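Below is one structure, written out as structure tokens; the observations come after it.
A quick note: this is a predicted structure, and the numbers were derived from the prediction, not measured. When reading the values below, keep in mind they use all heavy atoms of this one structure, side chains included, and skip hydrogens, waters and symmetry mates.
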Amino acid sequence: MFRTSLPTRLAATAALVLAAGALTVPAASARPSEAPPTPAYVLKVNTDPASTDYDNRRVDVTGTVTKADGTPAPHIPVTIQEVVLFTTWNPWGDPIDPTTYEPRELGTPVTDAEGKFTIPDVSIDHTSGSSLLNVQHQVQITAQYDVDGDLDTPQDGYYADTTVAARTKASSVSYQVNKKTVKAGDILTVQGKVTVPRGEELGGNEVFLQTYWEQESHVKTITEADGFFVLSVRVSSEDDTFTLRTAARDFYVAGAQQSLPITNTSLPRT
């Protein structure tokens, strides 16, 4: 498995920081910036209720568009998206967005005579089928209106968002290992079981095994119909972090994590 070396990544990070710094240094001849024009519209979006849970997963999305003077803005098309958020894997501390986004379109309602728009009965959930590893249990509802319909001219665009907290149920993972002290070339086997809330399927939940600090995972599998799993990996001389992580099939079931008590005697001595 390919691993980016730490010196290489540090060098790349330094270059990014220097480049960013160079871009933000103002030119000596720059003119004082003018005050931005007053926005022509004010866009707001909300949900009812403001949060969801395992048994109540739907909300009504509502919002308003008003003109600068506070009067309603009718006949305005507003594009609504639901965005599932994931925590970006970044053990190096690189200057990157800590959040990864997975959006889906909900529709483009048009404001009524009072400047209001609504999308009723929206499911706050994960629907794409991608892995739920590192998912955040909150969802953004975004609203956007672009006056000329051209996203390449953002100066006439209006944006608003609101966050819906999703309260989850817990899961757990139990395990056994074939050895607690390993060396390079050994086969480490981890077997165990993922337990989920009653009513959830035991099978099909993802299990990930991390063995090196830079990796999100080295190997992965899914649980059998009874919730059990087996993972095996050949230990390398660099493996220094042994962690199990799980990702449930259901957005409303939180994943579990366990650090494994494994010592690799092939690691360089410090």
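Taking CD of Glu114 as the start and OG1 of Thr71 as the end, the distance is 12.5 Å to the nearest 0.5 Å. Of the inter-residue distances, the one linking Thr99 atom OG1 with Tyr101 atom OH reads 4.5 Å to the nearest 0.5 angstrom. Phe229 CZ to Gln191 CD: the interatomic distance, rounded to the nearest 0.5 Å, is 8.5 Å. The CD1 atom of Ile119 lies 12.0 Å from the OG1 atom of Thr47; values are rounded to the nearest 0.5 Å.
At a cut-off of 3.5 Å, with distance as the only test, a side-chain donor of Thr189 or Ser232 sits close to an acceptor on the other residue. For the 3.5 Å distance criterion, the side chains of Glu206 and Thr246 fail to qualify, holding no donor opposite an acceptor. Looking only at atom types and distance, the side chain of Asp161 has no donor-acceptor partner in the side chain of Thr142 under 3.5 Å away. Residues Ser130 and Ser128 bring a donor and an acceptor atom of their side chains to less than 3.5 Å of each other.
Under a hydrophobic clustering in which Ile, Leu, Val, Met, Phe, Trp and Tyr are joined whenever their side-chain heavy atoms come within less than 4.5 Å, directly or via other members, Tyr54 and Val122 fall into the same cluster. Linking Ile, Leu, Val, Met, Phe, Trp and Tyr whenever their side-chain heavy atoms come within less than 4.5 Å leaves Val233 and Phe228 in two separate clusters. Val177 and Leu244 fall within the same hydrophobic cluster, defined by Ile, Leu, Val, Met, Phe, Trp and Tyr side-chain heavy atoms under 4.5 Å apart, directly or through other members. The cluster map of Ile, Leu, Val, Met, Phe, Trp and Tyr, joined by side-chain heavy atoms under 4.5 Å apart, puts Val207 and Leu202 in the same cluster. Taken together through direct or relayed side-chain contacts under 4.5 Å among Ile, Leu, Val, Met, Phe, Trp and Tyr, Leu106 and Val83 form parts of separate hydrophobic clusters.
In this structure, the side chains of Val84 and Val135 come closer than 4.5 Å at one or more pairs of heavy atoms. Looking at heavy atoms from C-beta onward, Leu85 lies in side-chain contact with Gln140 at the 4.5 angstrom threshold. Counting heavy atoms from C-beta outward, Thr62 and Val45 have side chains that stay 4.5 Å or more apart. Contact check for Leu43 versus Val78: side-chain heavy atoms found under the 4.5 Å cut-off. In this structure, Thr118 and Val61 have side chains that are not in contact, with every pair of non-hydrogen atoms separated by 4.5 Å or more. The shortest distance between side-chain heavy atoms of Val59 and Pro49 falls below 4.5 Å. Side-chain atoms of Val235 and Thr211, non-hydrogen and from C-beta on, never get closer than 4.5 Å to each other. Between Ile141 and Ile80 the shortest side-chain heavy-atom distance falls below 4.5 Å.
Residues passing the side chain to side chain donor-acceptor pair (under 3.5 Å) test with Arg234, sequence neighbours excluded: none. Residues satisfying the salt bridge (charged side-chain N to carboxylate O under 4.0 Å, His left out) criterion with Glu200, sequence neighbours excluded, are absent altogether. Remark: His137 engages no residue in a side chain to side chain donor-acceptor pair (under 3.5 Å) (not counting sequence neighbours).
Formation of a donor-acceptor pair under 3.5 Å by the Thr223 side chain with backbone atoms of Gly204 is found in this model. Judged by distance alone, with hydrogens and angles left aside, the side-chain atoms of Asp226 form no donor-acceptor pair with the main-chain N or O of Lys193 at under 3.5 Å. Between the side chain of Thr111 and the backbone N or O of Ala73 there is at least one donor-acceptor pair closer than 3.5 Å. Here the side chain of Gln210 pairs a donor or acceptor atom with the backbone of Tyr212 at under 3.5 angstrom. Not one N or O on the side chain of Ser171 forms a donor-acceptor pair closer than 3.5 Å with the backbone of Val196. Between the side chain of Asn264 and the backbone N or O of Ser236, at least one donor-acceptor pair lies under 3.5 Å. Checking side-chain atoms of Asp186 against main-chain N and O of Leu188 turns up no donor-acceptor pair under 3.5 Å. No donor-acceptor pair under 3.5 Å is formed between the side chain of Asp94 and the backbone N or O of Ile96.
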Return a table of donor-acceptor pairs under 3.5 angstrom between the side chains of residues 249-262 and protein atoms on other chains or two or more places apart.
from   : atom 1 : to     : atom 2 : distance (Å)
Arg249 : NH1    : Glu201 : OE1    : 2.7
Arg249 : NH1    : Gly203 : O      : 3.2
Asp250 : OD1    : Arg57  : NH1    : 3.1
Asp250 : OD1    : Tyr252 : N      : 2.9
Asp250 : OD2    : Arg57  : NH2    : 3.0
Tyr252 : OH     : Thr52  : OG1    : 2.8
Tyr252 : OH     : Ile124 : O      : 2.6
Gln257 : OE1    : Arg245 : NE     : 3.4

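Listed here is the closest heavy atom pair of Ser131 and Ala247: OG-CB, 4.3 Å. Looking at every heavy atom in both residues, Phe117 comes nearest to Lys44 through CZ-O, 3.6 Å. When all heavy atoms of Pro268 and Ser237 are compared, the closest pair comes out as CD-O, 4.2 Å. For Ala113 against Pro72, the heavy-atom pair with the smallest separation is O-CB, 3.7 Å. The minimum heavy-atom distance between Pro103 and Gln81, with the atom names listed, is CB-OE1, 3.8 Å. Here the closest non-hydrogen pair linking Thr108 and Pro77 is CG2-CB, 3.8 Å.
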Original post:
Given the rule in the side-chain contact (heavy atoms from CB on, under 4.5 Å) test, do Gln138 and Val164 qualify, once you have shown the distances and angles that lead to the verdict?
Top reply: CA-CA 5 Å; Gln138 57 180 353; Val164 182; over 6 Å; no

**OP:** Apply side-chain contact (heavy atoms from CB on, under 4.5 Å) to the pair Thr221 and Val230, showing each step before the final yes or no.
**Re:** CA-CA 8 Å; Thr221 189; Val230 178; over 6 Å; no

**OP:** Give the intermediate values and the outcome of side-chain contact (heavy atoms from CB on, under 4.5 Å) for residues Leu267 and Thr265.
**Re:** CA-CA 6 Å; Leu267 287 172; Thr265 60; over 6 Å; no

**OP:** Take Thr263 and Val182, measure what side-chain contact (heavy atoms from CB on, under 4.5 Å) needs, and give me the verdict at the end.
**Re:** CA-CA 6 Å; Thr263 301; Val182 297; over 6 Å; no

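Counting only residues at least two apart or in different chains, ring pair (Phe, Tyr, Trp, His ring centres under 6.0 Å) contacts with residues 143-196 comprise Tyr41-Tyr145, Tyr41-Tyr158. Listed by first and then second residue, the salt bridge (charged side-chain N to carboxylate O under 4.0 Å, His left out) pairs that reach into residues 64-83 are Glu82-Arg104, sequence neighbours excluded.
The environment of Lys179 atom NZ is dense: over 12 non-hydrogen atoms of other residues, nucleotides or ligands sit within 6.0 angstrom. Heavy atoms of other residues, nucleotides or ligands lying less than 6.0 angstrom from CD of Gln136 number more than 12. More than 12 heavy atoms of other residues, nucleotides or ligands sit less than 6.0 Å from atom CD of Glu105.
Cation-pi geometry between Lys220 and Phe208 is not met: the NZ or CZ atom fails to fall both under 6.0 Å from the ring centre and inside 45° of the normal.
Looking at Thr87, Thr88, Asn134 one by one, the single match for side chain to side chain donor-acceptor pair (under 3.5 Å) with Thr100 turns out to be Thr88.
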